Colleague: 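Here you go, one structure.
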Amino acid sequence: MKYILVLLLAGLTSNAQIQKEQLNLMPWPQNIVLNDGSFALTKNFKVNITGNPNPRIFGGVTRFLRRLDGRTGIFFEQGFITKLNEVPDAVLQINCTKSGKIGLYEDESYHLDIKQKQITINATSDLGALHGLETLLQMLQNNSTSFYFPNSQISDFPRFTWRGLMIDASRHFQPVDVIKRNIDGLAAMKMNVFHWHLVDDQGWRIEMKKHPKLIELASDGQYYTQEEIKNIVKYADERGILIVPEIDVPGHGSAILTAYPEIGSKVITLTGGTSEKNIQGTAIATYGVERNAGIFSPTLDPSNPKTYQLLSELFDEVCPLFPGAYFHIGGDENEGKDWDANPKIQEFKKKNKLATNHELQTYFTMQLIPMLKKHGKQLMGWEEILTKNMSKEAIIHSWRGPNEGVAAGKSLLDAVKKGYKTVLSNGYYLDLMYPVESHYLNDPMPKGANLTTEEKARILGGEATMWTELVSSTTIDSRLWPRTAAIAERLWSAENITDVANMRKRLETVSFRLEELGLTHISNKAVILRNIVNNQNIEDINDFSNICEPLKGYSRNKDGTEYQMYSPLTLFADACTPDAKDALAFDDAVNQYLANKTLENKEKVAAFFNKWIVINKGLIALSANAPLVQPILPLAKKLSNVSQELLLVLDNKSTLKTTDLKSLIEQCNTKDHADVELAVYASLKKLI
C-alpha cells in the first residue's frame with residue numbers, strides 16, 4: 001500500500017508540469033483537455049469490457065496490456081482477456097455499444113477519460129475502442145521511478161474515412177511477416193485500409209488452384225498461398241483494417257501474359273517462306289516476367305472474349321479470399337502501343353464506335369464491373385479509368401501530379417465534380433524519398449476549390465503508396481516509417497494541425513515506439529551498415545548516413561534499368577533515409593548562428609564541421625577493408641574540404657574569394673556518388 005501511495009504522489013508531482021506541447025500523440029486528437037493530477041500505474045492495473053463489441057476487442061485489449069507491461073516492466077496480474085465483464089471493478093473500463101464493421105463509414109470515434117483512480121473508454125464500436133487504447137498508450141508518462149497517465153479528457157474521431165497504405169508485393173515480394181508488422185503499424189496510427197498490390201509486370205503473387213500456370217510461370221516461386229492470404233485478412237480484421245487487393249489490368253500485363261499469352265494484344269506478322277509454300281498471317285507473341293522497372297507494352301486484348309472469360313474465372317477464385325467491399329483493378333499507364341499495332345483490335349474499335357484507346361479501356365473496365373459485383377465488390381482503379389462513360393460506382397484513385405505533367409489534384413477534382421468517389425495518393429508517394437513535410441502538408445481536401453458539401457463527401461481520404469522497385473523486405477520499413485505516421489495524422493486530425501516543427505518533435509518519439517510492433521525501420525539500418533563496413537565499427541558511416549539522403553524521385557534508377565528486380569539493395573543509399581536527422585540539426589544551428597552570431601552559436605556550427613572532417617578520415621580507414629565504402633569517399637572528401645574552409649570563414653581567416661568558396665560548396669551538390677545526396681548542401685549555402 002505504501003508503494004502505491006508513493007507512486008500516486010510521484011505521478012501527481014510529475015503531472016503538475018505536463019502541458020499539451022509535451023505530449024507525443026499522433027495522430028493528434030480532435031479535442032483534448034488536460035486536468036490536474038494523474039493515474040499512477042501499478043501491477044493491479046486491470047481492464048474490463050462491457051457492451052456489445054466484436055470479439056476482436058479481446059485480442060486488442062490483450063495486446064494493449066502486453067505492450068504496456070513491455071514499456072513499463074510492471075508485472076501485471078491480468079493475463080489474457082477472453083470475455084465480457086470479466087473484472088467489474090477494473091480500473092480501466094471499456095464500453096462499446098456495437099460490433100464494428102470493417103469498411104468505410106463505420107463510427108470510429110471514442111471518448112477517453114483519465115481520472116486519478118479510474119480510466120474509461122466509451123466508443124460506439126470496438127474499432128473506436130481500439131483507437132482509444134492506442135491513444136492511451138501514447139499518453140503514458142514517467143518520472144525517475146514510476147509511470148503514470150495524466151488526468152485528461154479526449155474526444156476523438158477521424159476526419160476522413162479512407163486512411164490507407166498501399167504496399168506493392170509484385171516488384172519485390174514482401175513476406176508474410178513484413179505485411180503483418182506493417183498492418184500493426186497502420187493500426188497503431190489509426191489507419192484503416194491496407195491496399196495490397198499483388199499483380200504487376202514483375203510477378204503474380206496469389207496462389208491459383210484452378211489456374212496454376214500463373215504461379216508456375218509468373219511468380220518465380222514467390223507468392224502468397226490462399227491460406228496465408230486468409231490468415232493475413234483475419235489478422236487485419238482483428239486490428240480494424242480493411243484489405244483492398246489489386247490485380248492490375250489491362251496494362252502492366254507481363255506476368256499474366258507469361259502464363260496466358262493467347263489473351264495478349266501483341267501480334268507477330270508471319271511473312272516469307274519458300275517458292276513452294278508462302279507463309280502469311282499472324283502468330284501469338286510470347287511474353288516473359290519483367291525484370292526492370294518502368295512502363296511496358298504488354299497489355300490484355302479487350303477484343304478477345306477469352307480475356308473476359310479468364311478474368312472472370314480469376315476473380316471467382318480471388319474475390320472470396322477478401323471479404324471487403326472493394327477491389328482495385330489498376331488500369332494505369334496503358335500506353336496502348338500493342339492495341340495500335342493490332343489490326344483486329346482496331347477493327348473492334350471501329351465496330352463498337354470507340355474513337356480512342358481511352359474509350360476502349362473504358363469498354364474493357366466496364367466488363368469487369370459485373371464480374372466483381374457478383375462477389376459484392378465495388379471496382380476501384382487509378383485515375384486513368386476516369387472517362388465520360390465510366391460507371392459512377394467506380395472509385396477513382398488520384399495519383400498523378402506535376403511530375404506527370406498534371407496539375408496537382410486535377411483528377412481528384414475532376415472525379416468529384418463528375419459524381420465519383422475518390423481517394424488521393426498524389427503527394428503521398430513514399431518511394432519518391434521526399435521529406436516528411438511534403439507529405440504532411442498535402443491535404444486531400446483541395447484548398448480554394450469551390451466544392452459543395454456533397455462533393456466534399458466524395459473525397460474519401462488518402463492513401464500512402466509504396467512501390468517496391470528499390471525496396472527489399474530489409475529496407476521497406478525504413479521507406480514507410482515514420483513518414484506514414486505523418487500522413488496518418490493528415491488523414492485523421494483536424495485540417496489546422498499543420499505545425500511541422502511540432503510534428504517532427506512528436507514523430508521522433510512515435511517512430512521509436514513503433515519498434516515494439518516489430519517494425520525494423522530503425523534497427524535494420526545497422527544491419528546494412530555492418531555489411532557495408534565488413535563488420536568494422538559503424539559509428540563513422542552511421543554519422544555520415546545521418547547527413548545523406550537517397551536520390552529523390554526516380555533518379556536513383558536511371559531509365560528503370562540500372563537496378564533489376566534481383567539487384568542488391570544493401571548499399572549505402574539503402575541505409576539512408578529522407579529527413580536526415582543531423583542535416584536538420586545542422587540547419588537549425590546555421591539559422592541560429594545567422595540570427596545571432598554569438599560565440600556559443602558559432603561553436604555549435606563549428607562542431608559539425610569538425611565532426612565531418614573526422615568522419616572523412618574514419619571512412620578512409622574503414623575502406624581499407626571494406627570495398628562497399630569506396631563509392632562514398634569522394635562525397636565525404638568534398639564535405640571535409642568545405643568544412644575545413646568554412647571553419648576558417650567562421651574565424652574570419654579564410655583567404656578564398658567568395659566565388660571560389662561558392663564553387664567549393666557547389667561541389668557538395670553532386671548526385672554522382674553512391675546514389676545519395678548531401679542533405680546539408682542548402683544549409684552550407686546559407687553561410688555565404
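Scope of the values below: all heavy atoms of this structure, side chains included, with no hydrogens, waters or symmetry mates. Small disclaimer: the values here were computed from a predicted structure and weren't measured.
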Colleague: Ignoring hydrogens and geometry, is there a side-chain-to-backbone donor-acceptor pair from S170 to D200 under 3.5 Å?
Modeller: yes
Colleague: With the side chain counted from C-beta on, respond yes when V199 and R205 share a heavy-atom pair under 4.5 Å apart, and no when they do not.
Modeller: no
Colleague: Give a yes or no on whether K337 atom NZ has more than 12 heavy-atom contacts from other residues, nucleotides or ligands under 6.0 Å away.
Modeller: no
Colleague: Any salt bridge between D316 and K374, counting N to O under 4.0 Å?
Modeller: yes
Colleague: Would you say the ring centers of Y326 and W162 fall short of 6.0 Å from each other?
Modeller: yes
Colleague: Scan residues 385-396 for pairs that pass salt bridge (Lys or Arg N to Asp or Glu O under 4.0 Å), counting only residues two or more places apart or in two chains.
Modeller: K373-E393
Colleague: Side chain to side chain donor-acceptor pair (under 3.5 Å) for D248 and W382? Distances and angles first, verdict last.
Modeller: CA-CA 10 Å; D248 200 350; W382 300 104; 4.8 Å; no
Colleague: Any idea how H328 and H195 line up, ring-wise: parallel (<30°), tilted (30 to 60°), or perpendicular (>60°)?
Modeller: parallel
Colleague: For Y554, does the six-membered ring have the charged nitrogen or CZ of R556 within the cation-pi criterion, i.e. under 6.0 angstrom from the centroid and within 45° of the normal?
Modeller: no
Colleague: Answer yes or no: does atom NZ of K266 have more than 12 heavy-atom neighbours from other residues, nucleotides or ligands under 6.0 Å?
Modeller: no
Colleague: A cation-pi test, strictly: NZ or CZ of R490 under 6.0 Å from the centre of the six-membered ring of Y440 and no more than 45 degrees from its axis. Yes or no?
Modeller: yes
Colleague: Checking E508 now: which residues fulfil side-chain contact (heavy atoms from CB on, under 4.5 Å) with it, not counting sequence neighbours?
Modeller: none
Colleague: When you check the gap from the basic side-chain N to the acidic O, do R458 and E454 get nearer than 4.0 Å?
Modeller: yes
Colleague: Establish, yes or no, whether a centroid distance under 6.0 Å links the rings of Y429 and Y434.
Modeller: no
Colleague: Aromatic rings Y224 and F173: how do their planes relate, parallel, tilted or perpendicular, breaks at 30° and 60°?
Modeller: tilted
Colleague: Does H358 have more than 12 heavy atoms from other residues, nucleotides or ligands lying within 6.0 Å of its NE2?
Modeller: no
Colleague: Hey, are E489 and R506 close enough for a salt bridge, meaning a charged N less than 4.0 Å from a carboxylate O?
Modeller: yes
Colleague: Mind checking whether F327 and F315 have parallel, tilted or perpendicular rings, split at 30° and 60°?
Modeller: perpendicular
Colleague: Testing the 3.5 Å rule here: is there a donor-acceptor pair between the side chains of T135 and K190?
Modeller: yes
Colleague: Which residues pass the side-chain contact (heavy atoms from CB on, under 4.5 Å) test with Q309, sequence neighbours left out?
Modeller: E313
Colleague: Using the ring of each side chain (for Trp, its six-membered ring), is F348 parallel, tilted or perpendicular to Y363, with breaks at 30° and 60°?
Modeller: perpendicular
Colleague: Closer than 4.0 angstrom, basic N to acidic O: yes or no for K552 and E677?
Modeller: yes
Colleague: Taking atom NZ of K234 as the centre, report whether more than 12 heavy atoms of other residues, nucleotides or ligands fall under 6.0 Å from it.
Modeller: no
Colleague: Tell me, with the steps shown, if D107 and S109 meet side chain to side chain donor-acceptor pair (under 3.5 Å).
Modeller: CA-CA 6 Å; D107 189 334; S109 66; 2.6 Å; yes
